[in-house]
Amino acid sequence: MLGKLTIDALPLYSWVAMSGAAVTILGGLAAFILVTYLRAWRSLWTQWLTSLDHKRIGIMYIVLALVMLVRGFVDAIMMRAQQAFSLNSEGYLPPEHFEQIFSSHGTIMIFFMAMPFLTGLINIVVPQQIGARDVAFPFLNSVSFWLTAAGAGLVLISLVIGKFSQAGWTGYPPYSGIAYSPGVGVDYWIWALLVSGIGTTLTGINFIVTILKKRAPGMKLMRMPLFTWTTLCVSILMTFSFPALTVVGVLLGLDRYVGMHFFTNGDGGNMMSFANLLWIWGHPEVYILILPAFGIYSEVVSTFSGKRLFGYESLVYATAAIAILSFTVWLHHFFTMGSSANVNAFFGIATMVIAVPTGVKVFDWLFTMYRGRIVFHPSMYWTMGFMVTFVIGGMTGVMLALPPADYLMHNSTFLVAHFHNMLIPGALFGYFAGLNYWFPKAFGFTLNEKWGNRAFWLWISGFYLAFMPLYILGFMGMSRRMEHYNVPEWQPFLMVAALGAVLVLLGIVCIGVQLLVSVRDRKTAMDITGDPWNGRTLEWATASPPAPYNFAVIPQVEDIDAFADMKIRGVADLRPTQYEDIHMPKNSAIGILLGGMAFALGFAMVWHIWWLAMACLAGALLLLIIRSSNDDNEFTITAGEVEAIEIQRRYTTHKIATDRPMTTSGLPDGQTMQGRF
């Protein structure tokens, strides 16, 4: 009945594994108790878990990302602690557990932290930036989220039942083959990626259609905000690259489950086919993570410099060029595989060429800041920290683009430092900037700036301490993924790296405190205008938080910075002469049920519980038939109801503004002059 699942699947082999399982279980139990204590199950179900509102789905994505950030960083600090104190000793982690940790760290951070974070910001912002009331396919949006959550759930449950993969986050054969990894770890990895990857592909399709078909009247392609442009390019990359990941996961699964030989060299397969397929997905994935952050930096620099973006068209073309070139450089991830000199030369040159449009972006941001009235908001700190740090990572990337240099530094800690140097400031700093920037739009109050600044300084200080020593260690010959070592000269650098990880941990704590303090003080930080930063794009034309329909009347766009142009023309605050009926999607429980089926299917396939797998497939098919047969999936907000909602919102805004104590600055207590140029 339970396939391979036995009592031996419990993590009794290591006190560290048992502690991790206990923390996971206690964390889930604490969340259950808290929701029960607050008697919030009904509202959680009706307002969030079954919602098709793109804004609420976006918030759930970000909550998932923050949870997985903590989980993934626990792995990181465990690795740093192990390496700092394992000179001529085994340290505190057994080798097989250390292998699980570096495998799960990469998997979590790429697939279940960074991807949900960027998708969450896209969901919240893009429909509002283009003047739309929702995404093109609201139900598909819900399914995408719950498939991502199901994949994350499979990674988390591997901590409690069984083990995670020991073959690295890239899962290269032969390490991931059945001969070298006969346990369930690689199967957990495969099914987590397959389930979440399908969800990501659907997200890409959804936002391509949303951006191309749902824009407000007058919003031509070359009038779209930069964040929307980066989202369009990223959505195309998702749609074309993630199927390669799905294919390689299926082929590896067939090798493991039914004895095929796609990636076994001795039986007619080719291990390097796996590397090619993986990185045909993997290098576009780097820019899937980075390009939305570039869009965020563009919005932040423009807003907090009080200027229109310098070189808007060049930024658009640079974004498109990066998206196209990202498909031409995948082979630089395995220069050492033995390709011909001509092949390596082509991919080396292509890798250096892709740095050119990235450099264009940096100069455009700097020229936007030049002679601007810069406001040093936390979002701006994250942006400026990115520009300095990312340039360093880019220079090291150009070094690795040279095949002879790559032969020396491949698989060393230099490569680890470069990879993190690109993704942490290139992507994660941008997500944090976006979190601080758009938080009032999602929740109606601003985040505490003092704690936001503290988080930034701890993160950037910790980053330099954690990863600059790894560049040096790479030159000193240290390979990555070493569980212990016997070279005394390495230890001081590894101890500095561990100190950097501690500072980053404190930065994560500051982000948590920032959220808690902001919720506590929300009444004094209410965004009564919907436009706390004197924004330039259409999302700031809506209330904070917006009504379910975003716009009572779809705006007419006549310039690049649509909302700034509306303010200049004096039409930003005009009330419409009449309202119209608005059709919105009804809530649906089928999305979360499909996610549950996907999770159970993955778990069943991992443990060979075939009856459960068949039941999940049948259940998913039944749910899709039910959804497809239901024509009553919308409700109407009448024109009168829309008008009543808008009048109530205006009354509430006026009441908050008049009731709030005034300061000597003439602004309501808790408001500052930030962003009011």
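The figures that follow rest on heavy atoms only: side chains count, while hydrogens, waters and symmetry mates do not. It should be emphasised that the depicted structure is a prediction, and the values quoted were computed from it without experimental measurement.
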Practice task
Take L154 and F599 through the side-chain contact (heavy atoms from CB on, under 4.5 Å) test and state the conclusion after the steps.
Solution key: CA-CA 7 Å; L154 287 171; F599 171 80; 3.8 Å; yes
Exercise for the section: Name all residues meeting the side-chain contact (heavy atoms from CB on, under 4.5 Å) criterion together with P243; count only those two or more places apart in sequence or in a different chain, and write none if there are none. Expected result: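 Checked P243 against side-chain contact (heavy atoms from CB on, under 4.5 Å); matches are T201.
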Of the non-hydrogen atoms in [X] and [Y], which two are nearest, and what is the gap between them?
X: A167; Y: V186; answer: CB-CG2, 4.4 Å
X: L601; Y: A613; answer: CD1-O, 3.7 Å
X: L52; Y: K586; answer: CD1-O, 3.1 Å
X: A136; Y: N206; answer: N-OD1, 3.7 Å
X: P127; Y: N550; answer: CB-ND2, 4.4 Å
X: G3; Y: I609; answer: N-CG1, 4.1 Å

Backbone N or O of [Y] within a donor-acceptor pair of the [X] side chain at under 3.5 Å?
X: T200; Y: S196; value: yes
X: D134; Y: P585; value: no
X: H420; Y: V416; value: yes
X: Q100; Y: F164; value: yes
X: N265; Y: M271; value: yes
X: D187; Y: M605; value: no
X: S103; Y: G168; value: yes
X: S339; Y: F335; value: no
X: R56; Y: Q47; value: yes
X: H283; Y: S326; value: no

Handout entry: I110 vs L289, side-chain contact (heavy atoms from CB on, under 4.5 Å): CA-CA, chis, key distance, verdict
Key = CA-CA 8 Å; I110 296 293; L289 300 178; 4.0 Å; yes
Counting heavy atoms not belonging to [X], are there more than 12 under 6.0 Å from its [atom1]?
X: F334; atom1: CZ; answer: yes
X: Y172; atom1: OH; answer: yes
X: Y257; atom1: OH; answer: yes
X: M337; atom1: CE; answer: yes

Residue pair [X] / [Y], side-chain heavy-atom distance below 4.5 Å:
X: D75; Y: M109; result: no
X: M115; Y: T148; result: no
X: L315; Y: K361; result: yes
X: F429; Y: I424; result: yes
X: S588; Y: R627; result: yes
X: Y61; Y: T203; result: yes
X: K441; Y: K55; result: no
X: L331; Y: N344; result: yes

From [X] [atom1] over to [Y] [atom2], what is the distance, rounded to the nearest 0.5 angstrom?
X: E483; Y: E96; atom1: CD; atom2: CD; value: 9.0 Å
X: W169; Y: H105; atom1: CH2; atom2: NE2; value: 10.5 Å
X: L44; Y: T50; atom1: CG; atom2: OG1; value: 9.0 Å
X: I592; Y: L623; atom1: CD1; atom2: CG; value: 12.0 Å
X: S104; Y: L156; atom1: OG; atom2: CG; value: 10.0 Å
X: I296; Y: L121; atom1: CD1; atom2: CG; value: 5.0 Å

Practice task
Give me the one residue out of F207, W438, Y437, Y297 that meets ring pair (Phe, Tyr, Trp, His ring centres under 6.0 Å) with F227.
Solution key: W438
Is the centre of the [X] ring less than 6.0 Å from the centre of the [Y] ring?
X: W382; Y: F463; result: no
X: F347; Y: W279; result: no
X: H608; Y: W610; result: yes

Problem - Evaluation steps, ring pair (Phe, Tyr, Trp, His ring centres under 6.0 Å), between F390 and F294 - result: CA-CA 11 Å; F390 190 77; F294 285 1; 5.6 Å; yes
Practice task
Let me see the working for N270 and N276 under side-chain contact (heavy atoms from CB on, under 4.5 Å), right down to the final yes or no.
Solution key: CA-CA 10 Å; N270 188 342; N276 273 284; over 6 Å; no
Practice task
Decide side-chain contact (heavy atoms from CB on, under 4.5 Å) for V247 and W281; before the verdict, give the C-alpha distance in whole Å, the side-chain angles of both, and the deciding distance to 0.1 Å.
Solution key: CA-CA 10 Å; V247 167; W281 158 81; over 6 Å; no
